[in-house]
Amino acid sequence: MSVPLLEVRGLALAAGGRILVRELSFCLNPGEMWCLLGPNGAGKTTLLHTVVGLREPQGGSVRLAGRALEGWPPGEAARARGFLPQTMHDAFSASVAEIALLGRHPYLARWQWEGAGDREIVFAALRAMDLEGFEERDVLTLSGGERQRVALAALLVQDPALLLLDEPVSHLDLHHQVLVLEHFGKLAREQGKGVLFTVHDLNLAARFADHALMLTPQGTVRQGPIGEVMTEHDLSYAFGHRVARLEAAGRTLFIPE
Amino acid sequence: MRRAMLIWLALAVAALTAFALALASGSSHLAPLELLRGLAVPGDSVASEILFKLRLPRALAAFAAGGLLALAGALMQVLLRNPLADPYVLGLSGGAAVGALGAMLAGLGSLFVNLGAAVGALAAIVLVFALARRDFARQQLFGALDASPRLLLTGVIIAAGWSALITMILTLAPEAKLRGMLFWLMGDLNGAESWAPALVTLAVGLAAIYPAARDLNVLLRGEALAHALGVRVAALRYTIYLVASIATALAVTTAGTIGFVGLVVPHALRLLLGNDQRVLLPASALAGGALLLAADTVARTALAPLQLPVGVITALFGVPAFMFLLMRNPRKA
């Protein structure tokens, strides 16, 4: 058994003076794609921020690739895990290629400038996110979905072993939702990457994730293989809304009542 | 890299041209040959006396102050991730002005006016730092993922407080002192002899922040993203604030609160060259210095023997030039 990419032990999370999660433990292994489910305010983003190191947990520990989070020098951590924030603010203009090129930052020495090899990596990532021909576009002129795909391309350029995605498909049209999640699924299967992503579309979660971590407003957690977590009963409980599960066209579908 | 070198070289040539013009212009006419002889053989002629006692110190002070302001402006815009930020946005100029005007009100000499400006600037730096300490280190607020608005708000409120004190001093001041105070507020290089501290600060400040230039490019896209890409965000933001503040303090102490240069030079260069801080920071220092030097030469010769405040010239020429750049390239900005 290889070392887990992410190992969370006894994690307690609080935000705004409210306990969100009391004791969360799970292991994310290479090649696994986990969806992080739960209603608004259940602590999905707080959990991701804690794992990225943007905030301290109330208790418990986070280990990246077998080493405690605090023990990682920032530059090395940037090659081990990458993060897609939920929102992006661009105050200054920049070309799409420049933004994607920032993903090479952890690989360049202090005085090193980006070279032809780095640009190749950028073009491949932009192609993967269906952004060919966008290289010279100003990010301030992009639509929300296009900007999000640029951020995802920058993450592909960063190429970490563990990908932490906060609502990667929230602004995307249905074609690009499928394209993006398919690409990250392929990275998990073929390159052994680990993926943890939050998503509100239960059907996308069921289709692309192999494991699920579900937070509830009560602070309890359900986790495990996707089929065991995404049951009518547990989903209805977590979201406080009845959810029906159907089998159709060879897929499992979830419909809110 | 080669492109950056060419850009810096071109701006260095522009700065040298501005120096040549500054040394050649003035109330007593010096022929080019006299100028060269005066420079080459210091101390034995009237030309040499004028150059080394009057024109060269003032030219060096103007270049250093302009370079410091443009560098500080570029850094503040990155720190606050706000295109409207300038060196004075966090209230530093207000503190310096209260110190300088206070010294003038007390009837103290120019040395104490400079000292007052320095002390006031230092007080402003420490005040913002103490009040917003946590906002430098904080990497995310709920929802916004962005600590900059709070820091900006703290600075702007403190600046409003300083501004009230300045108005109070102006109200209390006797007629005879008002003109000197207003000139100081608009920025004035008249009698700016102490160029060395500003020039040294420009070199040291640029050298201190330049190794982190690529980190600044990453930080410009957000604190959370910068953290995820391996930037030590809190330490970097402290460093930026420190370098930008000290640069501004030295510029203000040397030349008063000259406006416009710190806001506009970095933006004009971004429109022309793009927003890579590795290119932009040295370019800002050179272009800001050259611009203020040229403006000061115009300010002291255009209506000679009357000396205009240099801030008036930078704005009068700078506003149309910047609008031209902005209109020419609507895709950016």
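Only heavy atoms go into these numbers, but all of them, side chains included; no hydrogens, no water, no symmetry mates. Numbered from 1 within each chain, the chains take letters A, B, ... in sequence-line order.
Between the side chains of A:Gln86 and A:Thr45, at least one donor-acceptor pair of N or O atoms lies under 3.5 Å. A side-chain N or O of A:His105 and one of B:Asp215 form a donor-acceptor pair less than 3.5 Å apart.
Residue contact with chain A, scored on non-hydrogen atoms closer than 4.5 Å, involves the backbone and the side chain of B:Asn217 alike. Residue A:Leu108 touches chain B through both its backbone and its side chain, counting heavy-atom pairs closer than 4.5 Å. Of the atoms belonging to B:Ala213, not a single heavy atom falls under 4.5 Å from chain A.
A:Asp159 pairs in a side-chain hydrogen bond (donor to acceptor under 3.5 Å, both in side chains) with only one of the listed residues (A:Arg79, A:Arg104, A:Lys193), which is A:Lys193.
One distance of note links CG of A:Leu13 with CD1 of A:Ile19; it measures 9.5 Å at 0.5 Å rounding.
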